[in-house]
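Encoded as structure tokens, the structure appears first; notes follow it.
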There are 2 protein chains.
Amino acid sequence: MTKNDADAPLHLQPYGPGPRAAEKIFETARDLFYREGIRAVGVDEIVSKAGVTKPSLYRSFKSKDDLVAAVLREVEEGFWDRFKSAEDAFPDDPKAQMVAYFEGLAARSGGADYRGCALSNAVVEYPDRSHAGRAVSQTHKQDLRERLRAKAQAMGASDPKALGDAMMLLIEGVFTSSQMFDDDDKPALAVVGAVKALITAYCP
Amino acid sequence: MTKNDADAPLHLQPYGPGPRAAEKIFETARDLFYREGIRAVGVDEIVSKAGVTKPSLYRSFKSKDDLVAAVLREVEEGFWDRFKSAEDAFPDDPKAQMVAYFEGLAARSGGADYRGCALSNAVVEYPDRSHAGRAVSQTHKQDLRERLRAKAQAMGASDPKALGDAMMLLIEGVFTSSQMFDDDDKPALAVVGAVKALITAYCP
DNA sequence: AGAGAATGTAACCGATCGGTACGTACCTTG
DNA sequence: CAAGGTACGTACCGATCGGTTACATTCTCT
């Protein structure tokens with residue numbers, strides 16, 4: 001009986017192939033960064049809660065900032081997964097795609113533990129342009145902006161840039177505002193109606 | 001010749017009446033917090049750049065968090081000043097008032113050193129509800145939300161809550177998004193058109 | 001069984017964190 | 001001029017920050 005039981009679920013295997021500490025560090029850091037903020041979480045807290053030690057962190061990541069950037073890259077992947085999932089739900093119907101995305105966004109933002117977008121939060125936490133994590137976030141937001149504009153164009157909007165940017169503002173508005181209201185009735189619930197109204201107004 | 005030269009400008013008086021160090025600390029902290037983020041600024045940096053010493057800080061403020069809360073309270077005052085100034089510009093015309101506020105907001109958000117709303121940023125920096133600064137921010141945002149809803153009602157909106165919350169999302173969207181784009185052509189510029197479209201859509 | 005990779009142990013580093021005990025210079029008041 | 005209160009600075013505190021070292025141990029694969 002080997003210790004690497006292939007029948008057991010992956011996350012319960014005592015020792016899988018390849019680096020394990022790195023993954024635990026990564027996932028622990030991702031959760032802690034999101035819940036408590038990046039600056040509020042020290043490397044000691046990360047390795048402690050991950051059940052590993054500090055040298056393991058620095059064997060897999062050059063620095064804390066490097067770990068932050070890696071986490072944010074994964075967060076970005078998750079964002080695009082959700083975005084594309086809304087696209088796939090309504091092929092060739094950009095309006096329905098965006099409405100679907102905003103509906104999912106509004107639903108997600110309702111949770112009590114919702115803390116908005118980790119990429120947006122990182123921008124707030126790191127005003128310094130030279131920070132690796134900020135660079136990841138900023139590039140992503142530029143990509144998103146272009147994507148929204150293209151989507152507005154596909155809708156046949158009279159002013160695609162204006163509609164795209166308006167959707168951008170709504171998205172960021174949901175991200176930030178959902179963190180500051182504890183009740184179940186957050187402003188973010190109004191976003192679906194708002195985006196529908198905007199689409200109608202900008203698409204003759 | 002006394003050292004307290006009444007003819008000299010106030011900020012150059014060697015020793016004025018009452019506490020001087022506290023004001024320098026307060027203003028220095030306000031600027032540093034906004035530019036670099038609250039968590040990124042230590043008390044040593046504050047007193048150093050204010051040209052005073054640390055005990056002076058702790059004689060006027062119980063803790064760093066207390067200083068943060070004090071700064072945020074002043075920031076809130078500034079916000080309402082700008083908000084009311086837009087109201088005063090168009091008495092008895094809530095639509096024009098809000099458009100005026102959003103125009104001012106869009107104009108302010110264009111600057112390269114614009115870092116959004118310090119109150120919103122504080123919420124992002126301090127997920128912990130028990131932080132004094134977060135409490136100031138959160139209460140202010142609740143007040144703003146109610147104010148916006150009342151404004152929507154005064155407009156005769158069909159769904160005042162929805163329009164008020166939609167304006168809330170736009171405002172927060174401008175605050176956050178303006179930090180992540182370095183070019184002059186920020187998404188925030190679309191906010192005036194967006195709010196006009198929303199007002200039109202929600203006010204039959 | 002043995003080689004090599006991955007991880008843990010146990011320190012340690014200088015810098016900075018928020019916060020404070022204590023001494024000193026100043027201005028006002030008698 | 002003497003006294004007292006106020007405003008401020010010097011020097012320091014323990015804790016934590018991000019990061020590093022040398023070395024022992026454990027697991028995996030062949």
Side-chain angles (χ1 to χ4, degrees), chain A residues 1-6 8 10 12-29 32-33 36-71 125-126 128 130-133, chain B residues 1-6 8 10 13-26 28-29 32-33 36-71 125-126 128 130-133:
Chain A
M1 164 181 164
T2 168
K3 279 199 167 185
N4 193 345
D5 188 350
L10 253 175
L12 284 182
Q13 286 193 17
Y15 291 100
R20 276 172 46 261
E23 294 179 13
K24 291 201 281 186
I25 290 168
F26 182 89
E27 292 167 11
T28 305
L32 285 176
F33 287 160
E36 305 180 9
I38 301 175
R39 293 198 112 114
V41 176
V43 289
D44 292 283
E45 186 184 355
I46 295 173
V47 297
S48 164
K49 295 200 173 158
V52 298
T53 57
K54 210 164 7 169
S56 285
L57 194 158
Y58 286 97
R59 274 187 276 257
S60 305
F61 305 94
K62 290 184 314 184
S63 62
K64 181 193 176 183
D65 288 354
D66 190 54
L67 171 58
V68 169
V71 164
E125 285 203 75
Y126 292 96
D128 185 0
S130 68
H131 191 280
Chain B
M1 164 180 166
T2 168
K3 279 199 168 186
N4 193 344
D5 188 348
L10 252 175
Q13 287 193 15
Y15 290 101
R20 277 173 44 262
E23 295 179 13
K24 291 202 280 186
I25 290 168
F26 182 88
T28 304
L32 285 176
F33 286 159
E36 305 180 9
I38 300 175
R39 293 197 112 113
V41 176
V43 290
D44 292 281
E45 187 184 353
I46 295 173
V47 298
S48 163
K49 294 202 172 156
V52 298
T53 57
K54 215 172 343 180
S56 286
L57 193 159
Y58 285 97
R59 262 175 236 118
S60 304
F61 306 94
K62 291 184 312 184
S63 62
K64 182 194 175 183
D65 288 354
D66 190 55
L67 171 58
V68 170
V71 164
E125 285 203 75
Y126 292 97
D128 185 0
S130 67
H131 191 279

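Protein chains get the first letters and strands the later ones, always in sequence-line order, with residue 1 at the start of each.
- Checking the phosphate oxygens (OP1, OP2) of C:dG19, no side-chain nitrogen or oxygen of B:K54 falls inside 4.0 Å.
- The shortest non-hydrogen separation linking B:F61 to B:D66 is CA-OD2, 3.7 Å.
- With sequence neighbours excluded, the residues forming a salt bridge (charged side-chain N to carboxylate O under 4.0 Å, His left out) with B:D44 are B:K54, listed by chain and number.
- Here the CZ atom belonging to B:R20 is positioned 11.0 Å from the CD1 atom belonging to B:I25, to the nearest 0.5 angstrom.
- When the side-chain nitrogen and oxygen atoms of B:S56 are compared with OP1 and OP2 of D:dA7, none of them lie within a distance under 4.0 Å.
- Near-neighbour residues of DNA chain C inside residues 37-48 of chain A, defined by a heavy atom below 4.0 Å, are absent.
- Checked against side-chain hydrogen bond (donor to acceptor under 3.5 Å, both in side chains), B:K62 has no partners two or more places apart in sequence or in another chain.
- Between B:T28 and B:I46, the shortest heavy-atom distance links the atoms CG2-O, 3.7 Å.
- Counting any heavy atom pair closer than 4.0 Å across all strands shown, A:T53 reaches a base atom.
- For B:R59 and B:K64, each mapped to the nucleotide of DNA chain C holding its nearest heavy atom, the one lying further toward the 5' end belongs to B:K64.
- OP1 or OP2 of D:dC8 lies within a sub-4.0 Å distance of a side-chain N or O belonging to B:R20.
- Taking atom OH on A:Y58 and atom P on D:dA22, their separation rounds to 18 Å, with Å as the unit.
- The CZ-P distance, from A:F61 to C:dA6, rounds to 14 Å in whole Å.
- The structure places NZ of B:K64 at 8.5 Å from OH of B:Y58, a figure rounded to the nearest 0.5 Å.
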